[in-house]
Colleague: 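One structure, pasted below without further comment.
What's counted below: heavy atoms across the whole structure, side chains too, no hydrogens, waters or symmetry copies. Chain letters run A, B, ... following the sequence lines, proteins first and then strands; every chain starts at 1.
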Number of protein chains: 2
Amino acid sequence: MTQQRKVILRVLAGADDHPDANELYHRAYALDGSVSLSTVYRTLRLLADRGAIQRHAFEEGRARFENADREHHDHLIDIETGQVIEFHSEEIEELQARIAAERGYEIVRHKLELYVKKRGS
Amino acid sequence: MTQQRKVILRVLAGADDHPDANELYHRAYALDGSVSLSTVYRTLRLLADRGAIQRHAFEEGRARFENADREHHDHLIDIETGQVIEFHSEEIEELQARIAAERGYEIVRHKLELYVKKRGS
DNA sequence: TGACAGTTGCAACTCGTTCGCATTAGCCTT
DNA sequence: AAGGCTAATGCGAACGAGTTGCAACTGTCA
Ligand SMILES: [Mn+2]
Ligand SMILES: [Mn+2]
Ligand SMILES: [Zn+2]
Ligand SMILES: [Zn+2]
């Protein structure tokens with residue numbers, strides 16, 4: 001457990017949004033100037049592989065991350081402001097499972113993203 | 001309407017899978033050696049902007065494309081074989097719309113991908 | 001037939017992410 | 001406390017999908 005890793009973990013634990021690697025780098029660097037972007041990427045990959053954090057794609061180039069210690073939820077993305085809103089629908093989750101089961105499959109993971117705009121804008 | 005564009009359009013029209021840009025380039029090049037990868041990318045962007053084709057992300061690096069003249073559907077991706085299966089659930093579509101509406105939004109587009117494996121494998 | 005806008009191929013570029021490598025830090029064992 | 005071994009680091013170079021600048025070319029329409 002190196003100094004850099006500790007700082008990155010602290011930043012991740014304290015994040016309640018969906019920051020990308022560069023944003024996390026800047027937050028970590030502000031706490032400890034010995035953190036490099038490479039190490040941020042390496043740590044993110046490590047944690048994602050272990051399932052400790054989640055990586056999202058959100059149709060822009062970069063990946064965004066969030067802590068995985070929370071309950072499952074999906075995302076609604078305002079395409080005008082970029083704001084990310086979380087939601088959960090047990091009904092949708094069940095329908096998804098049924099659709100997969102009807103075809104002889106089981107769901108390993110899924111991605112549900114609603115790209116939205118304010119009503120009447 | 002140049003020769004290259006015609007060939008790329010023909011290839012797209014004849015594709016019943018979800019090919020990426022490189023695959024489309026190879027299919028087009030086989031029909032007409034004067035097609036370049038740049039032009040494939042340019043044509044894909046043009047068509048996607050016009051809504052004539054759809055671009056999917058499917059968590060691997062490259063984008064995959066499909067003709068947009070068909071009805072809306074979502075995808076189930078076998079993570080063991082890579083096979084892409086299409087499905088449509090009006091119930092899920094309605095639940096999505098309701099979730100957005102409850103929060104004051106309307107859906108512009110959405111992404112629903114089920115990453116699955118054969119039951120008991 | 002000529003002219004001009006739009007399109008092309010190519011190579012060079014971008015941008016997020018990964019990698020190679022020499023150096024350093026963490027941590028065991030004496 | 002000192003040494004030693006491994007794993008982790010920073011840096012810069014490399015990666016891969018996609019884009020772009022530019023000079024040459026094509027399609028179209030007068
Ligand atoms: Mn979230
Ligand atoms: Mn499809
Ligand atoms: Zn879900
Ligand atoms: Zn759908």
Side-chain angles (χ1 to χ4, degrees), chain A residues 1-13 15 17-66 68 75 77 82 84 111 113, chain B residues 1-12 15 17-66 68 77 82 84 111 113:
Chain A
M1 181 61 42
T2 61
Q3 178 58 24
Q4 293 84 333
R5 220 111 116 175
K6 274 187 206 133
V7 172
I8 296 168
L9 288 176
R10 182 141 41 93
V11 168
L12 273 167
D17 48 353
H18 301 81
D20 63 21
N22 198 54
E23 173 63 25
L24 288 166
Y25 163 62
H26 281 105
R27 293 184 194 175
Y29 187 89
L31 298 182
D32 179 342
S34 82
V35 173
S36 76
L37 185 53
S38 288
T39 295
V40 170
Y41 273 113
R42 277 191 280 242
T43 305
L44 288 173
R45 189 143 60 103
L46 192 81
L47 297 174
D49 288 352
R50 284 185 183 173
I53 61 173
Q54 253 190 282
R55 184 198 305 268
H56 297 295
F58 295 166
E59 32 195 72
E60 343 125 287
R62 54 231 119 83
R64 293 158 158 269
F65 300 85
E66 79 179 318
H75 299 95
I77 297 108
V84 175
K111 180 184 291 189
E113 291 157 17
Chain B
M1 178 64 39
T2 61
Q3 178 59 23
Q4 293 83 333
R5 221 112 114 172
K6 275 187 206 132
V7 173
I8 295 168
L9 288 176
R10 182 140 42 92
V11 167
L12 273 168
D17 48 352
H18 300 81
D20 61 22
N22 198 54
E23 173 63 25
L24 288 166
Y25 163 62
H26 282 106
R27 292 184 195 175
Y29 187 88
L31 298 182
D32 180 341
S34 82
V35 173
S36 76
L37 185 53
S38 287
T39 296
V40 170
Y41 273 116
R42 278 192 278 240
T43 305
L44 289 172
R45 188 143 59 104
L46 191 80
L47 296 175
D49 287 353
R50 284 185 185 174
I53 62 173
Q54 254 192 282
R55 184 198 305 268
H56 298 295
F58 294 166
E59 37 194 70
E60 343 125 288
R62 52 238 111 84
R64 292 158 158 268
F65 300 85
E66 79 179 315
I77 297 108
V84 176
K111 178 184 292 189
E113 291 156 18

Colleague: Check the distance between C:dG16's P and A:Phe58's CZ and give it to me in whole angstrom.
Modeller: 17 Å
Colleague: Hey, could you give me the CG/CD distance between B:Leu31 and B:Gln4, rounded to the nearest 0.5 Å?
Modeller: 12.5 Å
Colleague: Considering only residues two or more places apart or on different chains, which pairs with a residue in residues 21-36 of chain A satisfy salt bridge (Lys or Arg N to Asp or Glu O under 4.0 Å)?
Modeller: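 Found A:Asp17-A:Arg27, A:Glu23-A:Arg27.
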Colleague: Whole angstroms only, please: what is the CG-P distance between A:Leu44 and D:dA8?
Modeller: 15 Å
Colleague: Show me the protein contacts with nucleotides 23-25 of chain C, counting only N or O atoms at under 3.5 Å.
Modeller:
none

Colleague: Hey, what do you get for CG (B:Asp20) to OH (B:Tyr25), rounding to the nearest 0.5 Å?
Modeller: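 Atom-to-atom, B:Asp20:CG and B:Tyr25:OH are 13.0 Å apart.
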Colleague: Whole angstroms only, please: what is the CD1-P distance between A:Ile8 and D:dA8?
Modeller: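 Going from CD1 in A:Ile8 over to P in D:dA8 covers 12 Å.
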Colleague: Under 4.0 Å, counting only non-hydrogen atoms across every strand here, what does B:Val40 touch: a base, just sugar-phosphate, or nothing?
Modeller: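 Result for B:Val40 = nothing.
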Colleague: Using atom CZ of A:Arg5 as one end and atom P of C:dC27 as the other, report the distance to the nearest whole Å.
Modeller: 11 Å
Colleague: Please assess B:Asn22 against B:Arg62 for the test side chain to side chain contact (heavy atoms under 4.5 Å, CB included), listing each intermediate value before the final yes or no.
Modeller: CA-CA 9 Å; B:Asn22 198 54; B:Arg62 52 238 111 84; over 6 Å; no
Colleague: Identify every side-chain donor-acceptor pair in residues 42-58 of chain A under 3.5 Å, counting partners at least two apart or on other chains, and give the distances.
Modeller:
from    : atom 1 : to      : atom 2 : distance (Å)
A:Thr43 : OG1    : A:Thr39 : O      : 2.7
A:His56 : NE2    : A:Glu66 : OE2    : 2.7

Colleague: Rounded to whole angstroms, how far apart are CG on A:Leu47 and P on C:dT17?
Modeller: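 Going from CG in A:Leu47 over to P in C:dT17 covers 15 Å.
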Colleague: Atom pairs under 3.5 Å, N or O on each side, protein against nucleotides 17-19 of chain D: can you list them with distances?
Modeller:
from   : atom 1 : to      : atom 2 : distance (Å)
D:dG18 : OP1    : B:Ala63 : N      : 2.9
D:dG18 : OP2    : B:Tyr41 : OH     : 2.8

Colleague: Please tell me if the side chains of B:Ile77 and B:Glu59 come closer than 4.5 Å, counting only heavy atoms from C-beta onward.
Modeller: no
Colleague: Under 3.5 Å, which protein N or O atoms sit close to an N or O of nucleotides 2-5 of chain C? Give each pair with its distance.
Modeller:
none

Colleague: Calculate the interatomic distance between A:Leu46 atom CG and C:dT17 atom P; express it in whole Å.
Modeller: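 Atom-to-atom, A:Leu46 to C:dT17, this comes out as 16 Å.
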Colleague: If I compare all heavy atoms of B:Ala21 with all of B:Phe65, which pair ends up nearest, and what's the gap?
Modeller: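 Smallest heavy-atom distance, with atoms named: N-CE1, 4.1 Å.
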Colleague: A side-chain contact here means heavy atoms from C-beta on lying under 4.5 Å apart; do B:Leu24 and B:Ile8 qualify?
Modeller: no
Colleague: To the nearest Å, how far apart are A:Tyr25 OH and C:dT17 C1'?
Modeller: 15 Å
